[in-house]
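See structure below.
Keep in mind that the numbers below use all heavy atoms, side chains included, and drop hydrogens, waters and symmetry copies.
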Amino acid sequence: MEDDYLPSIYLQFLERFPEVAEAQGALARTIREHNPFDDRTDRLIKLAMAIGAEAEGAVRSNVRKALHHGASLDDVRAVALAAITTCGFPTAIAALNWIEDVTRASAES
């Protein structure tokens with residue numbers, strides 16, 4: 001399952017700072033409980049924010065999670081394309097590249 005993938009840098013963070021990781025997780029759960037969006041929409045919103053922040057790891061993670069929660073590849077690509085007019089062409093192209101990397105890796109496994 002896509003949610004089972006955790007990058008090594010995140011695993012190192014969990015090992016080195018377990019109390020911080022737990023506090024961050026608790027905050028994320030609390031925010032999610034107050035969020036009116038379904039899981040699919042929530043992940044597409046987070047994907048959009050990650051693209052805008054040019055946060056490659058967060059983009060990759062939210063692509064996996066959005067697809068897991070029912071978003072289509074076309075939905076995910078549409079979020080990246082929408083970034084062209086707000087975040088700029090280079091940001092959108094980078095995001096599209098990261099999206100394709102994730103989907104290619106998923107297809108290979």
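Separation of atoms OG1 (T91) and CD1 (I84) is listed at 10.5 Å; rounding is to 0.5 Å. Taking CZ from R64 and CZ from R43, the interatomic distance works out to 10.5 Å, rounded to the nearest 0.5 Å. Separating the CD1 atom in I31 from the CZ atom in R29 is a distance of 11.0 Å, to the nearest 0.5 Å. Separating the CZ atom in R77 from the OG1 atom in T103 is a distance of 6.0 Å, to the nearest 0.5 Å. How far CG of L47 is from NZ of K65: 12.0 Å, rounded to the nearest 0.5 Å.
When all heavy atoms of A83 and I51 are compared, the pair lying nearest together is CB-CG2, 3.7 Å. Between L73 and L67 the shortest heavy-atom distance is N-CD2, 3.8 Å. Closest heavy-atom contact between V76 and A71: CG2-CB, 4.3 Å. Closest approach of A21 to L14, counting heavy atoms only: CB-CD2, 3.4 Å.
In this structure, F17 is a member of the same hydrophobic cluster as Y10, with clusters built from ILVMFWY side-chain heavy atoms closer than 4.5 Å. The cluster map of Ile, Leu, Val, Met, Phe, Trp and Tyr, joined by side-chain heavy atoms under 4.5 Å apart, puts L11 and I9 in different clusters.
Using a 4.5 Å heavy-atom cutoff, the side chains of F37 and L44 are not in contact. Between R104 and E108, the closest side-chain pair of non-hydrogen atoms falls below 4.5 Å. Residues W98 and V63 fail the side-chain proximity criterion, which asks for heavy atoms closer than 4.5 Å. Side-chain contact check for H68 versus D39: every heavy-atom pair is 4.5 Å or farther apart. Counting heavy atoms from C-beta on, the side chains of L81 and L96 come closer than 4.5 Å.
For D75 and R40, the salt-bridge test passes: some basic side-chain N is under 4.0 Å from an acidic carboxylate O. Using a 4.0 Å cut-off between charged nitrogen and carboxylate oxygen, K46 and D42 count as a salt-bridge pair.
Within a 6.0 Å radius of CD in E15, no more than 12 heavy atoms belonging to other residues, nucleotides or ligands are found.
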**OP:** Starting from the C-alpha separation in whole Å, work towards a yes-or-no answer on side chain to side chain contact (heavy atoms under 4.5 Å, CB included) for I99 and R60.
**Re:** CA-CA 7 Å; I99 290 164; R60 291 174 182 273; over 6 Å; no
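Looking at N62, its side chain does come within 3.5 Å of a backbone N or O of A58 through a donor-acceptor pair. No side-chain donor-acceptor contact under 3.5 Å links R32 to the backbone of A28.
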